[in-house]
Amino acid sequence: MSAVALQNDVFLRALLRQPVPYTPVWLMRQAGRYLPEYNATRARAGSFLGLAQNPVYAAEVTLQPLERFPLDAAILFSDILTVPDAMGLGLDFRAGEGPHFERPVRTEADVDALAPPDMDKLRYVFDAVSLIRRELQGRVPLIGFAGSPWTIACYMVEGKGSDDYRLIKSLAYGRPDLMHRILAINARATTDYLNAQIAAGVQAVMLFDSWGGVLADGLFQEYSLAYTRQVMAGLTRQQDGQPVPAIVFTKGGGLWLEDIAGCGADAVGVDWTVNLRRARARVDDAVALQGNLDPMALFAGGPAIRAQVRRIIDDFGPVGAGGHVFNLGHGISQFTPPDAVAELVDEVHAYSRAFHAA
């Protein structure tokens, strides 16, 4: 698509470890249930899937947080389970239970039936991207995203969220051949999906390895990181003459920070268990870092929120050869007061300027 000049490219510059005037900030799940206007749009859509699969509604909720807060990026409103849904697994969202697949992948025959989906089945996502880019008019960059091959496989095998990952871990330990076949298909599908988002207009992409941290050491490298690396290697990294940075986030992955930093991404997201000063030293400024406020800090009131923001920015320190994108250590809680987000964004911008002065 033809490019519109960005009015605010601080987020992209930080990911590429270029000079910035302040630390940019966006929030995982920033378009979501903590905003009353989101809930009103979802009610009109009739269901979560009705919201996610309607480009007009998806664009509306993507832009809602930008009307409230001076965030430095928008993130496409969608779901990481769009890809396995397009594979024919029968996704629905049950009240009080979350996502559920009608046809989970449990047997060798189930695996044999899997194939990367036709991207036309996900046209509603790419149409939403194009619409959001038009409506943004270059205000801030748009982030696209997908689930990691491992994380998607967890839902595909378990059939829903899990507390113990018993089914997929049994498969990983007992039938590694099947596990690798699922992950190889997921990696191809995820690469195609992200590249189609890039072609539609997203200006950065993020891979959510939400459940990589549940794996044992050794298995993480074999089943999660190896396939994340495949996705990174296959991504389109330039569009309309501009670089398209990639972020990888493994919740619970701080133990493997150096490994993750070598996967080919431009930036690594970290959760709140990671100290940014030590993380920066561990990766030797080879990648940018994203994070990492505990989302529960947003319930502590303005002074506490601002103190925690300052602590994290102090921990990261002056940018130097590195780059920092402020974010939460995981998705924002649906119960978060919107005023708390306003305090957070204001403090990130105001306080960080001391570290970015010319």
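Being a predicted model, the structure only gives us computed values, none of them experimental. All values below were derived from every heavy atom in this structure, side-chain atoms included, with hydrogens, water molecules and symmetry-related copies excluded.
Minimum interatomic distance between L51 and T41 (heavy atoms only, all atoms of both residues): CD1-CG2, 3.7 Å. V287 approaches A265 most closely through the heavy-atom pair CG1-O, 3.6 Å. Contact record, C263 with V248: SG-CG2, 3.9 Å, taken as the closest heavy-atom pair.
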- Query: Between L142 and I75, is a side chain to side chain contact (heavy atoms under 4.5 Å, CB included) present by the stated rule, with each step listed?
  - Reply: CA-CA 6 Å; L142 176 62; I75 183 165; 5.8 Å; no
- Item | Residues T191, V231; criterion side chain to side chain contact (heavy atoms under 4.5 Å, CB included); working and verdict | CA-CA 5 Å; T191 304; V231 174; 3.7 Å; yes
- Apply side chain to side chain contact (heavy atoms under 4.5 Å, CB included) to the pair L6 and V140, showing each step before the final yes or no. CA-CA 6 Å; L6 271 174; V140 294; 5.5 Å; no
- Message: Could you walk me through whether F145 and I247 satisfy the side chain to side chain contact (heavy atoms under 4.5 Å, CB included) test, starting with their C-alpha distance in whole Å, then the side-chain angles of each, then the deciding distance to 0.1 Å, before giving a yes or no?
- Response: CA-CA 9 Å; F145 70 93; I247 310 162; over 6 Å; no
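A distance-only check finds no donor-acceptor pair linking the side chain of D127 to the backbone of Y124 [under 3.5 Å]. Of the possible donor and acceptor atoms, none in the side chain of S148 sits under 3.5 Å from a partner among the backbone N and O of L207. Judged by distance alone, with hydrogens and angles left aside, the side-chain atoms of D110 form a donor-acceptor pair with the main-chain N or O of R106 at under 3.5 Å. Looking at R166, its side chain never comes within 3.5 Å of a backbone N or O of E158 through a donor-acceptor pair. For T151 (side chain) and S210 (main-chain N/O), a donor-acceptor pair under 3.5 Å exists by modelled atom type. Remark: the backbone N or O of Q242 is not paired with any side-chain donor or acceptor of D240 at under 3.5 angstrom. With hydrogens and angles disregarded, no donor-acceptor distance shorter than 3.5 Å links the side chain of T250 to the backbone of G253. Using modelled atom types, no side-chain atom of Q239 and backbone atom of T236 make a donor-acceptor pair closer than 3.5 Å.
Residues passing the side-chain contact (heavy atoms from CB on, under 4.5 Å) test with P19, sequence neighbours excluded: none. With sequence neighbours left out, the side-chain contact (heavy atoms from CB on, under 4.5 Å) criterion links L255 to no other residue. Scanning for salt bridge (Lys or Arg N to Asp or Glu O under 4.0 Å) contacts around R181 gives E108, D112, with sequence neighbours left out. Residues passing the ring-ring contact (aromatic ring centres under 6.0 Å, His included) test with Y351, sequence neighbours excluded: none. For the side-chain contact (heavy atoms from CB on, under 4.5 Å) test, residues two or more places apart in sequence or in another chain that qualify with A52 are F48, F77. When the side-chain contact (heavy atoms from CB on, under 4.5 Å) test is applied to D92, the partners found at least two apart in sequence or on another chain are R94, H100. For R311, the salt bridge (Lys or Arg N to Asp or Glu O under 4.0 Å) partners at least two apart in sequence or on another chain are D315.
Between the CG atom of N327 and the OG1 atom of T23 there is a distance of 12.5 Å, given to the nearest 0.5 Å.
No hydrogens or angles considered: nothing links the side chains of D79 and T82 as a donor-acceptor pair under 3.5 Å.
Residues L35 and P338 meet the side-chain proximity criterion, which asks for heavy atoms closer than 4.5 Å. Side-chain contact between V325 and L15: present, with at least one pair of heavy atoms (C-beta onward) separated by less than 4.5 Å. Side chains of L136 and L66 form a contact here, defined as non-hydrogen atoms less than 4.5 Å apart. A 4.5 Å side-chain heavy-atom check between V20 and F11 finds every atom pair outside the cut-off. Here the side chains of L293 and W272 are not in contact, with every heavy-atom distance at 4.5 Å or above. Within the 4.5 Å cutoff, the side chain of L114 has heavy atoms near those of the I185 side chain. Looking only at side-chain heavy atoms (C-beta outward), D72 and Y22 come within less than 4.5 Å of each other. Using a 4.5 Å cut-off on side-chain heavy atoms (C-beta onward), Q203 and R133 make contact.
Under a hydrophobic clustering in which Ile, Leu, Val, Met, Phe, Trp and Tyr are joined whenever their side-chain heavy atoms come within less than 4.5 Å, directly or via other members, V283 and L276 fall into the same cluster. Follow the hydrophobic side-chain contacts under 4.5 Å out from L81 and you reach L167 in the same cluster. Under a hydrophobic clustering in which Ile, Leu, Val, Met, Phe, Trp and Tyr are joined whenever their side-chain heavy atoms come within less than 4.5 Å, directly or via other members, L49 and L89 fall into the same cluster. Y173 is connected to L215 through a chain of hydrophobic side-chain contacts under 4.5 Å among Ile, Leu, Val, Met, Phe, Trp and Tyr, so both are in one cluster. Hydrophobic clustering places F93 together with F101 (ILVMFWY residues linked when any side-chain heavy atoms are closer than 4.5 Å, directly or through intermediates).
Between D314 and R310, none of the side-chain N atoms (NZ, or NE/NH1/NH2) sits under 4.0 Å from a carboxylate O, so this pair counts as no salt bridge. Salt bridge annotation for D285-R280: present, with a cationic side-chain nitrogen under 4.0 angstrom from a carboxylate oxygen.
Remark: aromatic rings of Y227 and W150 are distant, center separation not under 6.0 Å. Ring centers of Y34 and F335: at least 6.0 Å apart, outside the cut-off.
The 12-atom threshold is not exceeded at CZ of R278, counting heavy atoms of other residues, nucleotides or ligands nearer than 6.0 Å.
Using bins of under 30°, 30° to 60° and over 60° for the plane-to-plane angle, the ring pair F208/F249 lands in the perpendicular bin.
The only member of V348, I312, N292 that meets side-chain contact (heavy atoms from CB on, under 4.5 Å) when paired with H324 is I312.
Applying the salt bridge (Lys or Arg N to Asp or Glu O under 4.0 Å) test to residues at least two apart or on different chains, the pairs with a partner in residues 34-62 are E37-R68, R44-E60. The salt bridge (Lys or Arg N to Asp or Glu O under 4.0 Å) analysis of residues 335-345, with sequence neighbours excluded, yields the pairs R306-E343. Applying the salt bridge (Lys or Arg N to Asp or Glu O under 4.0 Å) test to every pair with at least one member in residues 250-264, sequence neighbours left out, gives these pairs: E258-R282.
Relative to the six-membered ring of Y38, R33 misses at least one condition, a distance below 6.0 Å or an angle of at most 45° to the axis.
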What donor-acceptor contacts under 3.5 angstrom involve side-chain atoms of residues 24-31, with partners at least two apart or in another chain?
| from | atom 1 | to | atom 2 | distance (Å) |
| --- | --- | --- | --- | --- |
| W26 | NE1 | Q290 | OE1 | 3.0 |
| Q30 | OE1 | L27 | N | 2.9 |
| Q30 | NE2 | A73 | O | 2.9 |

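Cluster partners of L131, by chain and number: V56. The rule joins Ile, Leu, Val, Met, Phe, Trp and Tyr whenever side-chain heavy atoms lie under 4.5 Å apart.
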